[in-house]
2 protein chains.
Amino acid sequence: MIKQSKVTMKNLADELEISVSVVSRILSGKGAAYRISEETQKRVQETAAKRGFTVNQLARGLRLQRTHTIGLLMPDISNSIFSMIARSAEKAFRRNGYSTILCDTANDGEVEKQALGLLHDRSVDGILMAPVGGESQYIKAIFNHGFPIVLVDRFLDDLKIPYVTSNNYQGAYDGVLHLIDHGHRHIGFLQGIPDSKPSSERLRGYRQALQDHQIPFDARMVQGGKFEDHDGYISAQILLNYAERPTALFSCSSVAALGAMKACMEMNLRVPEDVSLIGFDEYPYASLLATPLTTIAQQTGALGEGASQMLLDWLDSGNPPESASVVLDTELHVRASVARVSNSEK
Amino acid sequence: MIKQSKVTMKNLADELEISVSVVSRILSGKGAAYRISEETQKRVQETAAKRGFTVNQLARGLRLQRTHTIGLLMPDISNSIFSMIARSAEKAFRRNGYSTILCDTANDGEVEKQALGLLHDRSVDGILMAPVGGESQYIKAIFNHGFPIVLVDRFLDDLKIPYVTSNNYQGAYDGVLHLIDHGHRHIGFLQGIPDSKPSSERLRGYRQALQDHQIPFDARMVQGGKFEDHDGYISAQILLNYAERPTALFSCSSVAALGAMKACMEMNLRVPEDVSLIGFDEYPYASLLATPLTTIAQQTGALGEGASQMLLDWLDSGNPPESASVVLDTELHVRASVARVSNSEK
DNA sequence: GTATTTTGCGCAAACGTTTGTTTGTTGGGT
DNA sequence: ACCCAACAAACAAACGTTTGCGCAAAATAC
């Protein structure tokens, strides 16, 4: 390998004995606009290609105050809902000439804060994120400075930050209703991060469904605090050890439902004969499970595409979208994890 | 919100009526070394904090020719093996003061090429990647220019690019042996991307195991070409429709095994009674499946940590690691997807 | 043949840092 | 009174681009 000096515009200019400005203009496609001769254009383009020139985005971004990069913050890419959102968003960004910096905040507020700083310092043009939890001063500060940011899945309701999310209230209501229709009266609720919108809205749907059917709400029935499988595992154990054991579990995430399923297995409780189970979010392999899991499916593709389009529009127009929120319907996918319970018991 | 001008070092300097150089030195912790008075240091630090100054990494990277950023290229983050590798690598990088740009190449060579360019143009300090396929001129070119790059899981063997991977040959051998020990003689092989090392090495293990037991190799038994669930689904359908139906399927990825499982279900073939199944890679919820899946587990954490450490060492020392490769053992996790087959048949 | 336009390109500043070098100001020693 | 350290901070160049403006030469117009 020949140790050749880094190939920059200055470098090319020196070699061709012209100035860097014409190199820049040619290589950014403005050759014609600045009436640079065909011959020079050819020469520059050819040697640029030969030397393998690529523009230094650091310098470019610095000069242009624009990086054509978007920050994408996901709380947990190992959760399929987020990996699917990430994928569709990234694709949309790429299609529009933006590249993406993806950060996994691991559902950790501190990491989220760091990542936000990282992205800001790297001068991304905008941010698409699913915040970890409820209160986030940094996010609000960013928004208040007019920085383009849109939220997906999880959102903050005390500020007009644009978002696209699912109808978590209705989805949960539908799911709990499904359980009630099957005779369940003792329904455990495995919540996600409590001060996140999806979790609180789902809880609201749960409570409303109970209330509409004259079932008293029992705070002890609400357990957990993360959207993770192990959290579901632990919470299910707590709930299923109650003297008056719930006959059904409603989980705020499908992975937590899987954790609960594991807990059931270990406690020798059959699903759904002994305990029925519903999970929010679709799970790709739900139908392959020992007990195919009944789920409340979100439109993951539409979530990612809607949110990214909102952000792209913002970046294009320079103004935040007026219709600041989109709420997508959910769909109950009935499989086999919910059984009818005889009304005889209690 | 007050429209305040962007807060830069120059800005702070003007406000405090000092020069930018002292601001820079103070804010990068070199105040003492350049004997800047305690008083000035305090003043600068306080107003910097008050104004919420953060350094512009574009400018910093441009000046320093170092960005403290590492590019992480994964072929498919929705596949748990890669999301786990990504997570452990990202954590290791963060711990060492590096931030990470994660790109999902979607198993697409073209996207991979673009992403590589993107990372290069953004002046990342190094790259950790699992290449999509076999031939990749860009990767070699990058390596040959002395750029720090290490491969994980999938590697290229015609160049001395450092990598850490699993012992795919032995893992597959063990798995196939397990099948043979259970009396299987017709074993379908669901391969991954054919010219990727993991797939080719696993195929080699498969063939060796067959040969060691006097089972003739039949090319028709090798199907598929991606590490994805739908690919496993299709390939399984092909194999299971053979007149002489295989009694077992060995899959190069657990998700493809799940696809195969789905195919079995739809064809009314029971696993493992009618067809046994083994999947490479651990699958987090393998034990919750209708038929708990027997797998060949890789040490995902060690893969990510080993590879990232290799890269970090390279960046620290400035030299590529001398021991250019690490190969980790796999472990057969026997669950319930392999059944004994009566030797009566054929 | 002079005045004007067109053509093709170069100059230099700016983006926000970092850092080697220089400058000015004290205070102490003689 | 004079020299020399030590101290505190400013200057200026550099990193690789982009772009408004300017300028010489060639082409056209009168």
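C:dG16 atom P lies 17 Å from atom CG of B:L64, rounded to whole Å. When the C1' atom of D:dA10 is taken as reference, atom NZ of B:K10 falls 13 Å away, rounded to whole Å. The distance from atom CD1 of B:I26 to atom C1' of C:dT19 is 15 Å, rounded to the nearest whole Å. Atom NZ in B:K6 sits roughly 15 Å away from atom P in C:dA14 (whole-Å rounding). If you measure from atom CG of B:L27 to atom C1' of C:dT19, you get 15 Å, rounded to the nearest angstrom. A straight line from CD of A:Q57 to P of D:dC15 spans 19 Å, rounded to a whole angstrom. We find that NE2 of A:H120 is positioned 12 Å from P of C:dG16, with the value rounded to whole Å. In this structure, the CE atom of B:M9 is 6 Å from the C1' atom of C:dT17, given to the nearest Å.
Contacts of B:Y98 classified as ring-ring contact (aromatic ring centres under 6.0 Å, His included), with partners at least two apart in sequence or in another chain: B:H68. Annotation: side-chain contact (heavy atoms from CB on, under 4.5 Å) contacts of B:S325 (sequence neighbours excluded): B:Y163. With sequence neighbours excluded, the residues satisfying side-chain contact (heavy atoms from CB on, under 4.5 Å) with A:T40 are A:I18, A:V22, A:I26, A:I36, A:S37, A:V44.
Between the side chains of B:D153 and B:T165, no donor N or O sits under 3.5 Å from an acceptor N or O.
Within the structure, salt bridge (Lys or Arg N to Asp or Glu O under 4.0 Å) contacts touching residues 92-106 of chain B (residues at least two apart or in different chains) are A:R87-B:D104. Residue pairs meeting the salt bridge (Lys or Arg N to Asp or Glu O under 4.0 Å) criterion with at least one partner in residues 12-22 of chain B, sequence neighbours excluded, are B:K10-B:D14, B:E15-B:R51.
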Base versus backbone protein contacts along nucleotides 4-12 of chain C [heavy-atom cut-off under 4.0 Å; B, S, -]: ---BBSBB-
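Side-chain atoms of B:N144 come within 3.5 Å of backbone N or O of B:K140 as a donor-acceptor pair.
Contact check, A:Q65 against C:dA14: no side-chain N or O comes under 4.0 Å of OP1 or OP2.
Of the candidate nucleotides D:dT17, C:dT17, C:dT19, C:dT17 has the atom lying nearest to any side-chain atom of B:N56.
Sequence order on DNA chain C of the closest nucleotides to B:L58 and B:K30 puts B:L58 first from the 5' end.
Here B:S123 lies out of heavy-atom contact (under 4.0 Å) with every strand.
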